[in-house]
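Remember, it's a predicted structure, so these values are computed and weren't measured experimentally. Each chain gets a letter, A, B and so on, in the order its sequence line appears, and its residues count up from 1.
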Amino acid sequence: MKRLLAIELQKAWKNKASRVLTISYFVLLSFLALIASIKFDVLGIQIRIADQGIFNFPYIWHFNTWLADWAKLFLAIVVVSMVSNEYSYGTLKQNLIDGLSKKEFLQSKFLTVIVFSLVSTVFVFALSLVLGLCFSSYNEPGIIFSDLDYLIAYFVKHVCFFSFCIFLAILVKRSAFALGFLFIWWVFEGMLQHLILPKIIGSTEVSARIVDFFPLESMANLIKEPITKFQAYKAIENQVNAGAAPKDYSVHWYEISVVVIWTVFFFITSFKLLQKRDL
Amino acid sequence: METILSISNLNKRFGPLHAVKNVSLEIKKGNVYGLLGPNGSGKSTTLGIILNVVNKTSGDYAWFGGKLETHEALKKVGAIIERPNFYPYMTAEENLRLVCKIKGTPYSKVTEKLELVGLYDRRNSKFRTFSLGMKQRLAIASALLNDPEILILDEPTNGLDPQGIHQIRDIIKQIAAQGTTILLASHLLDEVEKVCSHVMVLRKGEVLYSGAVDGMSSKQGFFELQSDDLQRLVTVLQQHRSVEKTQLENGKVLVYLKAPLEAHELNRWLFEQQIVLSHLNFRRNSLEEQFLEITKTLA
């Protein structure tokens, strides 16, 4: 396993474009901290975001994992090119000739993706911990370390998303097309949920439940948007919309299992594709 | 002698195209094999199958007696297929280190092999800055990293300039001299003739000939004769019991034999038949002529 990881990390790290993107990704994640310094005026009252409770434990776990999630698109480019380059350089063929099996080749890619996700998760955990300790109103260990399942969700979501990227890159062999396909798939899921399925089934509720099982939507479901959970916002909303059923923001095991199943599906299908194709 | 690779009844179809037909062959340790065939004859496909990059349709192959899984066996093999494939953004040394990681070879080999192919001075240059000749030499260094039991080369001099071809040939000869088994696929026949002890001829996916290089040419010695009256020469020759057939070409009579016949015997016999030769030459076909002969007659 160490060997496979060493092989893949050398390939990724020696590539200037991948290196720059990976570094920018972590720099971008660090910008989460800058939110602390954002101030703006609402109706003449100065509001400093950091003082509004978004950095309160345990809410911070939810908020930061949700926000940091967007940056994964940077790493998606790295992951896609990491696979498609092997096709365009002809090095996949050479690797196999040199004695790497197709399974090992794929394992090295997936291990790298797991490491990327793990590092990102640890990074977000550390950053949020520091931010929270600086700004949170509650500092009891019991509160600090509650709701950590958002970090688990964050990790699982990243592994699945990057697995999707690997699968697409193997499927179409070109990085630009793979990323384009990813975008089209995203549009497709949106259309399915809001246009196509409601037409067929006639219920937006049911079609939303169906699309919940699609890859991108199931990943998105893991960490629900936290804005409406935010206290200040909630206060306003409660006045407007009193009596509405409270939204469920937590991470559920069945949502995680859907995503894990997709991850396994991407791995196995990628392997089958690799095995079937002549190079 | 130890068998390194045995292939039996290997077939590969690409849709309607039957690219490899029932190919069987055996590679023994210490020999240098040439795999001959025109473009599209199935050479690269056959190599692709045994190197784990092309899926076979049917048949079998076994490395080192079949004790190892293919990808494990390949760690003891060095191979270059068609064109050199490396990571353009890595230096020569980094690329070879990556191959070391894959094959499980110590890094100390990197310097040794770079020196062997004369690239040590350029070890810190990125692969993309290399000329084709240098890329091909790096590929050879990479194939030799693990001191392989067998070196497989597919068209190693393709697209190189004369100096490049010469350098690669020198390296191949040097490796062959060390007793490494080599399988050299090529359509350049003099290349094969110069370094190989055995040849296999492939055409349209079929094995047409398999055996020693000498065996391929010695059977086919022939005479080149000239005299004043070619017509009479031909009629007389056809009465000789060792003559299989005659052929007129460029004002010369080519005489193919079915039994051994010495030049002086033929000369004396013809003189007794009142024919005086102005030209007598015993020739063996070059490998190229042999090859063309074999691929033509079985068309």
Side-chain angles (χ1 to χ4, degrees), chain A residues 1-23 77-78 81-109 111-112 115 169-170 173 175 271-279, chain B residues 12-15 19-20 44-45 47-57 63 68-91 93-105 126-128 135 138-139 142-143 145-146 148 152 154:
Chain A
M1 200 167 99
K2 224 177 104 192
R3 162 177 165 261
L4 296 179
L5 206 55
I7 289 170
E8 194 51 46
L9 288 181
Q10 179 182 344
K11 289 180 192 170
W13 190 247
K14 295 286 178 190
N15 188 339
K16 205 193 247 165
S18 302
R19 200 165 56 221
V20 168
L21 278 170
T22 312
I23 293 170
I77 301 172
V78 176
S81 60
M82 187 169 98
V83 176
S84 53
N85 278 348
E86 303 273 9
Y87 280 100
S88 49
Y89 299 151
T91 42
L92 166 56
K93 196 169 172 179
Q94 194 61 45
N95 282 177
L96 298 181
I97 291 170
D98 285 338
L100 205 67
S101 70
K102 286 180 175 174
K103 196 170 173 189
E104 282 177 330
F105 175 82
L106 209 58
Q107 277 173 334
S108 79
K109 301 285 176 203
L111 277 174
T112 308
V115 167
I170 286 180
K173 303 181 201 170
S175 35
F271 182 56
K272 292 277 175 240
L273 269 177
L274 262 186
Q275 258 194 332
K276 219 183 99 204
R277 279 190 192 148
D278 294 325
L279 292 164
Chain B
K12 175 66 188 179
R13 287 173 189 275
F14 292 107
V20 175
S44 298
T45 310
L47 294 182
I49 294 172
I50 58 171
L51 292 174
N52 209 12
V53 293
V54 176
N55 297 317
K56 64 188 181 192
T57 306
W63 284 102
L68 296 172
E69 262 191 90
T70 303
H71 78 272
E72 285 298 332
L74 289 181
K75 289 180 185 162
K76 303 208 275 173
V77 174
I80 307 169
I81 282 224
E82 288 156 354
R83 66 190 173 93
N85 295 320
F86 290 100
Y87 296 89
Y89 54 83
M90 285 190 215
T91 66
E93 194 172 7
E94 286 164 354
N95 267 304
L96 293 192
R97 279 170 169 258
L98 187 70
V99 177
C100 282
K101 279 181 193 158
I102 293 176
K103 291 196 180 253
T105 316
K126 293 232 158 54
F127 176 70
R128 64 165 165 262
K135 287 178 177 177
L138 183 66
S142 157
L145 267 181
N146 51 344
I152 296 176
D154 189 4

Q: Please determine, among N95(B), N55(B), L51(B), T45(B), the option with the most heavy-atom pairs under 4.5 Å with chain A.
A: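 Result: the option with the highest number of such pairs is N55(B).
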Q: So that I can tick it off, tell me whether E8(A) and K11(A) are bridged by a salt bridge, with the cut-off set at under 4.0 angstrom between side-chain N and carboxylate O.
A: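 Yes, K11(A) and E8(A) are salt-bridged.
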Q: So which of L98(B), V54(B), I152(B) has the largest heavy-atom pair count under 4.5 angstrom toward chain A?
A: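 Counting heavy-atom pairs under 4.5 Å, the top option is L98(B).
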Q: Please determine, among E86(A), K16(A), R277(A), the option with the most heavy-atom pairs under 4.5 Å with chain B.
A: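 Among the listed options, the one with the most contacts to chain B is E86(A).
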Q: Under a 3.5 Å distance rule, please check whether N52(B) uses its side chain to pair with a backbone N or O of L96(A) as donor and acceptor.
A: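 Not confirmed, N52(B) side chain does not pair with L96(A) backbone.
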Q: Which bit of K12(B) is near chain A, if near means a heavy-atom gap under 4.5 Å: side chain, backbone, both or neither?
A: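 For K12(B), the side chain is the part near chain A, not the backbone.
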Q: Look at N146(B), I102(B), L74(B), T91(B) and state which one has the largest set of heavy-atom pairs under 4.5 Å with chain A.
A: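 It is I102(B).
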Q: Just one of K101(B), R97(B), E94(B) clears the side-chain hydrogen bond (donor to acceptor under 3.5 Å, both in side chains) bar with Q10(A), so which one?
A: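 The residue from K101(B), R97(B), E94(B) that satisfies side-chain hydrogen bond (donor to acceptor under 3.5 Å, both in side chains) with Q10(A) turns out to be K101(B).
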Q: Given that the side chain runs from C-beta out, which part of F86(B) has a heavy atom under 4.5 Å from chain A: side chain, backbone, both or neither?
A: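 When you check distances to chain A, only backbone atoms of F86(B) fall under 4.5 Å.
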Q: If you round to the nearest 0.5 Å, how far is CG of D278(A) from NZ of K56(B)?
A: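 If I round to the nearest 0.5 Å, the distance is 13.0 Å.
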Q: Look at R3(A) together with E104(A) and state whether they make a salt bridge at an N to O cut-off of under 4.0 Å.
A: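 Salt bridge flag = yes for E104(A) with R3(A).
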